[in-house]
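Report on the following structure.
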Amino acid sequence: MTEIAPLYDVLDQLLQQHQALCTLARQKKEVLIKNEIETLMEITKQESKLLKAVEQTEASRVELVKQLCAARGLSLESVTLQDLIKSTTSLEEKNRLAHYRQELIRIVSELRQANELNQQLLEQSLSFIQHNLDLLTAAPEDDYIYRNPAGYGGGTSANRSFINKKA
């Protein structure tokens, strides 16, 4: 077992966790379109758990890269995977680390796009709900046409609406 083997395990974990987040993001999109609130809440809980796991795995990755950089006499300020790739002399390690780096970049980009789309869907949904609330709570403009003439002067039409906002 080489000194870099634990880093490969951590990078595998990071890839799997990010792929799971992408899968949840795609499921979330379908749930948002179908307006299934309970399923959306369940997906959000799963995402939270996965994000905590990613955070822990990322901390492990940073620590392992620091140890490898220290063992190779590199500056501890630069603890990126790219720096480790540059310092590696083995072609096999270099290719393997570069593959992990490219896959992580690809998956994170895919996840970012899926999350942006989901955010747009949420904003459209909230805008639609707000528009409907505004329609239901707005005072009718032509209220005076159908109003009982005895009721003029008793109250203002601005106080009436289909929904009592104070309730």
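Residue indices begin at 1 and follow the sequence shown. Computed from a prediction, not measured in an experiment: that's the story for all the values here. Note that these values count all heavy atoms, side chains included, but never hydrogens, waters or copies made by symmetry.
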For this session: Let me know which of H18, R26, Q19 forms a side chain to side chain donor-acceptor pair (under 3.5 Å) with E110.
Result: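 Answer to the side chain to side chain donor-acceptor pair (under 3.5 Å) test with E110 among H18, R26, Q19: R26.
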Rounded to the nearest 0.5 Å, what's the gap from [atom1] on [X] to [atom2] on [Y]? Could you check?
X    : Y    : atom1 : atom2 : value
K86  : T88  : NZ    : OG1   : 12.0 Å
N115 : N118 : CG    : CG    : 6.0 Å
L81  : L104 : CG    : CG    : 7.5 Å
Q27  : L32  : CD    : CG    : 12.0 Å
I107 : Q102 : CD1   : CD    : 11.5 Å
K29  : L40  : NZ    : CG    : 14.5 Å

For this session: Answer yes or no: does atom CD of E92 have more than 12 heavy-atom neighbours from other residues, nucleotides or ligands under 6.0 Å?
Result: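 Check fails, neighbour count at 12 or below.
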For this session: Look at atom NZ of K66 and say whether more than 12 heavy atoms of other residues, nucleotides or ligands are closer to it than 6.0 Å.
Result: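 No, NZ of K66 has 12 or fewer neighbouring heavy atoms, counting only those of other groups under 6.0 Å.
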Problem set entry | Step-by-step side chain to side chain contact (heavy atoms under 4.5 Å, CB included) determination, Q17 to L14 | CA-CA 5 Å; Q17 291 166 340; L14 274 176; 4.0 Å; yes
Is [Y] reachable from [X] through a run of hydrophobic residues whose side-chain heavy atoms are each under 4.5 Å from the next?
X    : Y    : value
M41  : L122 : no
I33  : L24  : yes
L7   : I105 : no
V108 : V10  : no

Problem set entry | E58 vs R61, salt bridge (Lys or Arg N to Asp or Glu O under 4.0 Å): CA-CA, chis, key distance, verdict | CA-CA 5 Å; E58 179 64 16; R61 184 199 64 82; 2.6 Å; yes
Exercise. Would S60 and Q56 count as a side chain to side chain contact (heavy atoms under 4.5 Å, CB included) if you check the C-alpha gap in whole Å, the side-chain angles of each, and the deciding distance to 0.1 Å?
Worked result: CA-CA 6 Å; S60 297; Q56 291 172 346; 5.7 Å; no
Exercise. Are R72 and L84 close enough that some pair of their side-chain heavy atoms sits under 4.5 Å apart?
Worked result: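 The answer is yes; the side chains approach within 4.5 Å.
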Exercise. Quick one: are N132 and I129 in side-chain contact, heavy atoms under 4.5 Å?
Worked result: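 Not in contact.
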Exercise. For Q130 and D134, does a side-chain donor sit closer than 3.5 Å to a side-chain acceptor?
Worked result: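 The answer is yes; a qualifying pair exists.
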Exercise. E42 and E36: side chain to side chain contact (heavy atoms under 4.5 Å, CB included), yes or no, with the steps?
Worked result: CA-CA 10 Å; E42 183 60 38; E36 297 173 349; over 6 Å; no
Problem set entry | side chain to side chain contact (heavy atoms under 4.5 Å, CB included) between I85 and T80, worked out | CA-CA 9 Å; I85 292 169; T80 65; over 6 Å; no
Problem set entry | CA sep, side-chain torsions, deciding dist, call: R106, E103, salt bridge (Lys or Arg N to Asp or Glu O under 4.0 Å) | CA-CA 5 Å; R106 184 189 63 76; E103 277 299 301; 2.9 Å; yes
